[in-house]
Amino acid sequence: MCRPVHLHPPIGRVSTPASPIVRCKRPAREAIAPQLGVLDRATIESGGEPCIFVRYAVIETADLLVFTRVVELESLTRAAQIMGVPKSTISRRLTRLEEKLGVRLLHRTTHGIITTEQGVVFFDYAARCLGVLRDGTNAVQAAMTRPQGLLRISVPHELDRSLLAPMLSAYLKTYPDVRLVTVLSNETTDHFRDGFDLAIVADTLPLAEASLMTTKLGTTEYGLYAAPEYLEQHGFPQSHVDLPRFDLLAWGTVDAKAQWQLTHGSYDVTVEFRPRLACNDLVLLRQSVLSGLGIAALPAFICKHDLAEGRMVEVLTGWRPPGSSFFAVFPLQQTMPARVRTFIDFLVERLRPTLSWEVD
């Protein structure tokens, strides 16, 4: 009789039919080493020569990707939506992975997904494994002369799309092998979890994370502006105290009370008002000012041509709201994909001067 002696504790028992067994004598061990599985190894002592039994447990990369996405999103339904596959496929791959490992990785409840203790341990290894594969893919792509592949970015509401659209078109013409997906959103980390390459953010950077890098794209100044027709009908405010008596248009979604922080030299004041219009779309805010609806705080890049051509007039010259800075945020990688690197360089070159008062 042969008595098994485990060199490494088995990860778990498998309820599926037994996996293939490889049997060899000691001299042949090195010859088959590259082919041996690593999940359950045992040596048999007998009266004759020792042999190695190796149980295979081949795990597909797609199963690892499904598992990590479900853990990150805490939802089978959300993972299925993001990955573009039926929920049944997600469930089937998770079950197969658990059967191969012989352990329960996730508890499914009516409230969502709970990762088991074994699942937490395995997630760390699976995430690192997928990270190495991504870095390898990125290294190959970065080595190519011309960037290629899909570039996914998110753009904040604070950045005028009419300003960015010509830049995106110019970039795609410069690099014809790149495809582009853009999403208008002020969320950052959620998009990276969904596989986005880069996010343009305004003012507030996401919480410091070792996995994220930033590059400053530029800064724009703000001022208070109105259409000449509106000022002809309502007159000019003589000081910041007069502002609440005018029709004021606010950036944001608060309809009850809004604030402007204004600075003039060493003086700082806060103007509180109930906006006539509140919106989080700069294009709509600019059009509302041009139509004579009221006074708004606008960035230089969206109104500088209107000022130069007389369609807008500055109100309370010298009193300025705080400026706004824009940053490119992207995941930290050992090798940055060429499509991401060239896009950041393109934005720094094209966007920075556009954000200023300079008129082409």
In short, Gly119 meets Thr115 closest at the heavy-atom pair C-CG2, 3.5 Å
Within this structure, what is the CD-CG distance for the pair Glu229 and Leu290, rounded to the nearest 0.5 Å?
9.0 Å
Kindly assign one of parallel, tilted or perpendicular to the pair His234 and Tyr230, based on the angle between their ring planes and the thresholds 30° and 60°.
parallel
All ring pair (Phe, Tyr, Trp, His ring centres under 6.0 Å) counterparts of Phe330, not counting sequence neighbours:
none
Using a distance-only test with no angle check, is there a side-chain donor-acceptor pair under 3.5 angstrom linking Thr219 and Ser325?
yes
Taking ring-ring contact (aromatic ring centres under 6.0 Å, His included) as the cut-off, I'd like each qualifying pair that reaches into residues 259-281, sequence neighbours left out, listed once.
Trp260-Phe273, His264-Trp319
Whether Asp268 side chain and Thr263 backbone form a donor-acceptor pair below 3.5 Å
no
Nearest heavy-atom pair of Leu97 and Asp63: which atoms, and what distance?
CD2-O, 4.0 Å
Donor on one side chain, acceptor on other, Gln261 and Thr270, under 3.5 Å:
yes
Connecting only ILVMFWY residues whose side-chain heavy atoms lie within less than 4.5 Å of each other, what is the rest of Leu150's hydrophobic cluster?
Val181
Electrostatic pair Arg108:Glu98 at N-O distance under 4.0 angstrom:
yes
Answer yes or no: is there a donor N or O on one side and an acceptor on the other, between the side chain of Ser91 and the main chain of Lys87, under 3.5 Å?
no
Output yes when a side-chain donor or acceptor of Thr68 lies under 3.5 Å from a complementary backbone atom of Ala127, and no otherwise.
no
Would a distance-only check, ignoring hydrogens and angles, find a side-chain to backbone donor-acceptor pair under 3.5 Å from Asp242 to Ser239?
yes
Could you give the distance from CG (Leu105) to CZ (Phe122), rounded to the nearest 0.5 Å?
6.5 Å
